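Report on the structure given below.
As the structure lists them, so they are numbered: ligands from 1, and atoms in each ligand from 1. No experiment lies behind these values; they were computed from the predicted model shown. Along the sequence shown, residues are numbered consecutively beginning with 1.
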Amino acid sequence: MASNTLILGLQWGDEGKGKIVDALSEEVYAVCRFQGGHNAGHTIKVNGQQTVLHLTPSGILHPNVNCIIGNGVVLSLEALDKEINDLVDAGINFDNRFFVSSGCALILPSHISIDKVRDKKESIGTTGRGIGPSYEDKIARRAVRLGDLGNEQILREKVELLVSYHNRLLVELYEEEPHDIDHVIAELLSFKHLHDKYCTDTQGLIYDWIIKENQSLLFEGAQGTLLDIDHGTYPYVTSSSTTAGGVSTGLGLGPKYINKIIGISKAYCTRVGEGPFPTELFDDNGKMLAEIGNEFGATTGRPRRCGWLDLLALKKAVFTNSVTDICLTKLDVMDEFNSIEVCIDYQGDQPVYKTFEGWKSSTEGITKFKNLPLKAQEYINFIEDFVGCNISIVSTGPSRDQTIHR
Ligand code: IMP
């Protein structure tokens, strides 16, 4: 029986989705990205070499798996071209298995300028990739889309309109340099090979694969639930729908075709960029989580803020996404702690914690739940009961075999 699975983050991104996506990718017909852009970062090893995928679905590493970038993704052609070239150099084939929606809104150089200058003033701590301004133009119905590269006349007209608008913002509002419109058009046309080779009706492909061929697909989320434009910690969020609803809008398929929803959460919590983080730690425990967990952003290299797990936020994320299974990652990072806290309530803005005794022994690489220290089992069982969802996968290390399936 074919079955489609969604994998998404339940926190502020960086939950360790990559390892689980990699493991499940080889069992499916296609892996599809539905939102975000090259703000995402997913570190993997290709032929022994460390690579970070920003745009390409991780299924690309498995030669028989197809990959889709859906209409919900905002696309930097420059970033895509570089990523494809790097992967082709590493021996990965893209021909006849990599497809990009003609509806993807393009990220132009002027989007990046606007993102950076605004973030200096408004300070959300964005990745500076032009993501917000690009979604803004999409919603305002003035975006240039990948399909527009098929008609140079239309492309010119649309880019002229959009970049002159951007230039007005940059010059008059932010006192920055304008972008040369002819130069922007020439640069876009220099990536026309990407349009010619990969641009297609991805919704039509997905329809054929699910309805006609009864294939199983994997939908790969980027960022996390708390960064969702509607359900996250607004305004400190990214500009896309990172939650389960984003699959339907970002790929063009109804919710009944999402059969299993795996939500990924760290055994603690991290966040990059600005914004509220009630359980953030500023003491030695926070430093320990950052050091042992190697908490640095995969896209920008920025240090991640670290704190205890917030079970109220997790419970809400389970509901928002109708999560069927939780995967708890980086349990082994907590091996050395004397005590571990989890937020179970709020008094005003202050988290109320339940304290667990630390297990103080290595869980690294353990593959059976019953072999975990009893105190670690207690911690996991408590989380499961509190949020009302099975924790059916526990990750005890970065390699694929360091995983517990319950
Ligand atoms: P933007 O997506 O670049 O607009 O950034 C908006 C917010 O989302 C900032 O706080 C970023 O740090 C955060 N963000 C964007 N992408 C990621 C990600 O892949 N992991 C973690 N945080 C992210």
Original post:
Starting from atom 23 (C) of ligand 1, which protein heavy atom do you reach first, and at what distance in Å?
Top reply: L227 CD1, 3.6 Å
Subject >> ligand 1 contact on W12 by region, counting heavy-atom pairs under 4.0 Å >> reply: backbone
Original post:
Step by step, would you call R145 with S102 a side-chain contact (heavy atoms from CB on, under 4.5 Å)?
Top reply: CA-CA 7 Å; R145 308 202 299 173; S102 57; over 6 Å; no
Original post:
Between E220 and R33, is there a side-chain N and carboxylate O pair less than 4.0 Å apart?
Top reply: no
Original post:
Which is closest to atom 5 (O) of ligand 1 by heavy-atom distance: T126, I124, V74?
Top reply: T126
Original post:
Would you say ligand 1 has an N or O under 3.5 Å from any N or O of Q223?
Top reply: yes
**OP:** Tell me, please, whether F386 has K315 positioned over its six-membered ring: NZ or CZ under 6.0 Å from the ring centre and within 45 degrees of its axis?
**Re:** yes
Original post:
V272 to ligand 1: N or O pair under 3.5 Å?
Top reply: yes
Original post:
Which atoms of ligand 1 have any heavy atom of A40 under 4.0 Å away?
Top reply: 19 (O)
**OP:** Test Y379 against every option in W308, Y268, F337, F356 by the ring pair (Phe, Tyr, Trp, His ring centres under 6.0 Å) rule and name the one that passes.
**Re:** F356
**OP:** Report yes if some N/O of R129 lies less than 3.5 Å from some N/O of ligand 1; otherwise report no.
**Re:** no
Original post:
What residue and heavy atom of the protein are closest to atom 2 (O) of ligand 1, and at what distance?
Top reply: T238 OG1, 2.6 Å
**OP:** Look at atom 19 (O) of ligand 1 and find which of N39, V237, I229 reaches it with the closest heavy atom.
**Re:** N39
Original post:
Does atom CZ of F382 have more than 12 heavy-atom neighbours, drawn from other residues, nucleotides or ligands, at distances under 6.0 Å?
Top reply: yes
**OP:** Test K330 against every option in E295, E15, E364 by the salt bridge (charged side-chain N to carboxylate O under 4.0 Å, His left out) rule and name the one that passes.
**Re:** E295
Original post:
On the ring face of F277, is R271 found with NZ or CZ under 6.0 Å from the centre and within 45° of the axis?
Top reply: no
**OP:** Note the single closest protein heavy atom to atom 3 (O) of ligand 1, along with its residue, its atom name and the distance in Å.
**Re:** T127 OG1, 2.6 Å
Original post:
Can you tell me the protein heavy atom closest to atom 9 (C) of ligand 1 and the distance?
Top reply: G125 O, 3.2 Å
Original post:
Can you tell which of V333, V394, L372 makes a side-chain contact (heavy atoms from CB on, under 4.5 Å) with T363?
Top reply: L372
Original post:
Got an N/O contact under 3.5 Å between D14 and ligand 1?
Top reply: yes
Original post:
So is there a nitrogen or oxygen of E274 less than 3.5 Å from a nitrogen or oxygen in ligand 1?
Top reply: no
**OP:** Indicate, as side chain, backbone, both or neither, the part of R302 found under 4.0 angstrom from ligand 1 when only non-hydrogen atoms are considered.
**Re:** side chain
Subject >> Presence of salt bridge, K287 and D284, under 4.0 angstrom >> reply: yes
